[in-house]
Protein chains: 2
Amino acid sequence: MGTQGQNDSSRQPTVKEVALLAGVSPMTVSRTLNGGKSVRLEVQQRVIDAVQMLGYQRNENARSIRPGQPSGLVGVAITNIANPYYGNFALGVEDIASQRGRRIILGTTGEDSARERQLIADFIGRQVEGLILVPSGGRSDHLQPNRLRGTPLVLASRMAAGVDVDAVIVDDIGGALRGTQALLDVGHTRIGYLGNDASTFTGMRRFQGFRQALVAAGLAADPRHVRLGQNDISEAALAATDVLMSPDAPTALFAANNRNAVGALKAIGELLAHGRPLETMPALVSFDSFELSELMPVPVVVVDHDARELGRQAATMLFRRLDGDPDAPAVVVEMPTVVRNSRR
Amino acid sequence: MGTQGQNDSSRQPTVKEVALLAGVSPMTVSRTLNGGKSVRLEVQQRVIDAVQMLGYQRNENARSIRPGQPSGLVGVAITNIANPYYGNFALGVEDIASQRGRRIILGTTGEDSARERQLIADFIGRQVEGLILVPSGGRSDHLQPNRLRGTPLVLASRMAAGVDVDAVIVDDIGGALRGTQALLDVGHTRIGYLGNDASTFTGMRRFQGFRQALVAAGLAADPRHVRLGQNDISEAALAATDVLMSPDAPTALFAANNRNAVGALKAIGELLAHGRPLETMPALVSFDSFELSELMPVPVVVVDHDARELGRQAATMLFRRLDGDPDAPAVVVEMPTVVRNSRR
DNA sequence: TTGATTATTGGTAACGATATCATGAAGAGT
DNA sequence: ACTCTTCATGATATCGTTACCAATAATCAA
């Protein structure tokens, strides 16, 4: 009935069947499909017709077991795709990878080191040409080059202790410092902090930037107003509410990532809905931008960087490694951040 | 130096090398790795030690070329990961897939039918066990079951014309109708519309629900206030500004998806920043929720459904198909939507 | 016309893993 | 002691593809 694909057996056709139909050897089919060097045009046409007729699709897995044949896959492990930050990151990786004819296998670690280890092993088992990982912290011996058997690895956003590989990170310290500075400049002196667990790379660095800014202003962080380790919006909202309801509540909050910023704003929304006056609501610094920050009821200072560009950068580093010297020294690129007020 | 992985050659070890080290045949290694039936415990231990020692990782691609051996891969093609809606969708698919021991290969079509075709072909070439696709519209002969050679396909969010396969869609018509109704109920009579191209499945259905609600109220859509085909936030913002600046500007806007809703709100933010009074700003219906909708300066009616659940549902249907009868009739599930006001 | 070169094609083997069958050893039942 | 199982193991062949080499035909220089 259809114009093609007459053989509707459920098995996929192979070179052999194409060869049979075209009246040539499998080798000639293979050659035709790989550029047609040393195959007569007329024969090539016969092969192409047979491919069309059968709906033949080369088995990339079989192809990749031959030595020297790349798999065309790049493994990407992030902590959480639901976070639009990482969605954008993955998109950036895909931008570059698809330009280079590679596909992405995506996995999420959920900040779990054991799952990360398993994911990496699986990626390697699938013969990925390279790995891009947002490491989740914890033990990281599974990331050592000798464990990866020559598969290049690029870390993104965070580095991993004791692992000497290419990495793209963000100017966490500077960004946090300047973001905090912006709050101090407009007179805030009691600033709460909502952030990642201190054991994570970015968590540590952003907190460090935050403290540096306070110290420079002769202030110190009030431990009662510091909450670490919230991993999703609802945990962040709870922590924010808690801080805002405490005695001597801070007049501003520093949210060290997207999830904590959104959670803090949800908490503020709740308090407003319960009748707390707008004037008592804190200002906010958000490390990582989020959509519509300019429409928030409280002033928001955004410490922004382009997650998609971070992904592009990571992928670019990976391909540079794949094209070039696998043993060249590891490179760490620090991407700049932009601090801006959500309101003009 | 490390406690394991002594052989630091860059090539990956194979069963053969493990077998040699353990003093057994490759077959015994394979058996051990697949559950250890019919292998003495002591021998299994030797094999496991050798695996550890060499850092052996089974080559899944080689494995999958044997007939009957599944690849463990599910192909997921969405239009755009940067849209958090699809990020959540992908996460939902991954939830179920990883439970079932499968990995996801992710690709983005960018609403481009040719790219979709190529992506699907590539996925099939990689021997995916199944496909989950948000179809981008346009020709869809490449989605016909006979072209897919028995690889199960589940469509999500949208259906494709003339393609009779499993699908999970959303109650677009009912959601749009009830969302519009909510605006009519509070007295709006001039409602603008920002939506997908009318050729897309959801675009058509949501517009249909919108019009049904108007017709039921004895009204009609004003063509000057209908804008279709905006694919990203900035295009949506331009369209929204245009509508809002036009004579007889509507008092409310219906945004048929997340991107258009955010774009409309950005436009509103701009206008407010330029001094337009809040009272002249339109109310909004957003089909698809977005973060912090409750903090928006204008009232927002959200027509919500759970994208992650949509992904889970699609994956569940795929596995049901993989486990069960490949020839059972296609099933279409319509997920309900919830209409709510962003403010209490 | 002849020998040499080149272009086109196919045969064979190999990639890594495993299903199948064959082999041998150990134990059970008579 | 002897057959009948059962268990543990290995040899071989195979999956789909392509590198390598051999074989043939076509072209060219002298």
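Computed over heavy atoms, backbone and side chain alike; hydrogens, waters and symmetry mates excluded. Below, chain A is the first sequence line, B the second, and so on; all start at residue 1. For clarity, every value in this text was computed on a predicted model and none was experimentally measured.
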Student: Would you check if A:Gln45 and A:Glu42 make a side-chain contact, meaning some heavy-atom pair closer than 4.5 Å?
Tutor: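 They are not in side-chain contact.
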
Student: Atom CZ of B:Arg63 and atom P of D:dG16: how far apart are they, to the nearest Å?
Tutor: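 In whole Å, D:dG16 P lies 17 Å from B:Arg63 CZ.
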
Student: Can you tell me which nucleotide in C:dT9, D:dT17, D:dT9 comes closest to the side chain of B:Val43?
Tutor: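 Nearest listed nucleotide: D:dT9.
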
Student: Ignoring backbone atoms, establish whether B:Thr28 has a side-chain N or O less than 4.0 Å from OP1 or OP2 of D:dG10.
Tutor: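 For D:dG10, OP1/OP2 do have a side-chain N/O of B:Thr28 under 4.0 Å.
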
Student: Is there a donor-acceptor pair under 3.5 Å between the side chain of A:Asp166 and the backbone N or O of A:Val331?
Tutor: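 It does hold such a pair.
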
Student: On a plain distance test, is the side chain of B:Arg66 in donor-acceptor contact with the base of C:dT18 below 3.5 Å?
Tutor: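 It does, because a donor-acceptor pair links the side chain of B:Arg66 to the base of C:dT18 below 3.5 Å.
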
Student: Between B:Leu310, B:Leu133, B:Val168, which is the residue that forms a side chain to side chain contact (heavy atoms under 4.5 Å, CB included) with B:Ser157?
Tutor: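 Exactly one option meets the side chain to side chain contact (heavy atoms under 4.5 Å, CB included) with B:Ser157, and it is B:Leu310.
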
Student: NA contact type, A:Ser38, heavy-atom cut-off 4.0 Å: base, sugar-phosphate, or nothing?
Tutor: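 Counting heavy atoms under 4.0 Å across all strands, the contact made by A:Ser38 includes a base.
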
Student: Taking the side chain of A:Gln69 as its heavy atoms from C-beta onward, which of C:dC15, D:dA19, C:dT9 lies nearest to it?
Tutor: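 For A:Gln69, the side-chain atoms sit closest to D:dA19.
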
Student: Measuring from the side chain of B:Ser25 (C-beta onward, heavy atoms only), which nucleotide among D:dG10, C:dA17, D:dT17 has the closest atom?
Tutor: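 Side chain of B:Ser25 sits closest to D:dG10.
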
Student: What's the verdict on salt bridge (charged side-chain N to carboxylate O under 4.0 Å, His left out) for A:Glu111 and A:Arg158, showing C-alpha distance, side-chain angles and the deciding distance?
Tutor: CA-CA 12 Å; A:Glu111 302 282 2; A:Arg158 311 173 183 169; 3.0 Å; yes

Student: Closest to the A:Arg58 side chain: D:dT18, C:dA17, D:dG16?
Tutor: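 The listed nucleotide nearest to A:Arg58's side chain is D:dT18.
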
Student: Check whether any side-chain N or O of A:Asn34 sits under 4.0 Å from OP1 or OP2 of D:dT18, and answer yes or no.
Tutor: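 Checking D:dT18 against A:Asn34, a side-chain N or O does come within under 4.0 Å of OP1 or OP2.
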
Student: Mind calculating the distance between CG (B:Asn61) and P (C:dT18) to the nearest angstrom?
Tutor: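 In whole Å, C:dT18 P and B:Asn61 CG are 13 Å from each other.
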
Student: Closest to the A:Arg31 side chain: C:dA17, D:dT9, C:dG10?
Tutor: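 Nearest to the side-chain atoms of A:Arg31, counting from C-beta on, is C:dG10.
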
Student: If you only use heavy atoms from C-beta on, which nucleotide in D:dT9, C:dT9, C:dA17 is closest to the side chain of A:Arg40?
Tutor: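 From the listed options, C:dT9 comes nearest.
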
Student: Could you tell me if B:Ser64 and B:Gln127 have a donor-acceptor pair between their side chains, going purely by distance under 3.5 Å?
Tutor: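 Side-chain D/A pair, B:Gln127 to B:Ser64: absent.
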
Student: Which of these nucleotides, C:dG16, C:dA17, D:dT17, is closest to any side-chain atom of A:Asn59?
Tutor: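 The listed nucleotide nearest to A:Asn59's side chain is D:dT17.
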
Student: For A:Glu17 and D:dC15, what is the distance between atoms CD and C1' respectively, to the nearest whole Å?
Tutor: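 Interatomic distance, CD of A:Glu17 to C1' of D:dC15: 13 Å.
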
Student: For D:dG16, take OP1 and OP2 only and decide whether either is under 4.0 Å from a side-chain N or O of A:Thr14.
Tutor: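 For D:dG16, neither OP1 nor OP2 has a side-chain N or O of A:Thr14 closer than 4.0 Å.
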
Student: Mind calculating the distance between CG (B:Leu33) and P (C:dG16) to the nearest angstrom?
Tutor: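 Going from B:Leu33 (CG) to C:dG16 (P), I get 16 Å.
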
Student: Does the side chain of A:Arg117 come within less than 4.5 Å of A:Asp141's, by heavy atoms?
Tutor: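 They are in side-chain contact.
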
Student: From CD of B:Gln127 over to P of C:dA17, roughly how many Å is that when rounded to an integer?
Tutor: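 Those two atoms, CD and P, are 17 Å apart.
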
Student: Starting from C1' on C:dC15, measure out to CD on B:Gln12 and report it in whole angstrom.
Tutor: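 Result: 13 Å.
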
Student: Figure out the NZ/P separation between B:Lys16 and C:dT18, and round it to whole Å.
Tutor: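 To the nearest whole Å, that distance equals 14 Å.
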
Student: Mind checking if B:Val29 touches a base, just sugar-phosphate, or nothing, with heavy atoms under 4.0 Å?
Tutor: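 If one applies the 4.0 Å heavy-atom cut-off, B:Val29 turns out to touch nothing in the nucleic acid.
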
Student: Without decimals, in angstroms, what is the distance between A:Met27 CE and D:dG16 C1'?
Tutor: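 Distance, rounded to whole Å: 13 Å.
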
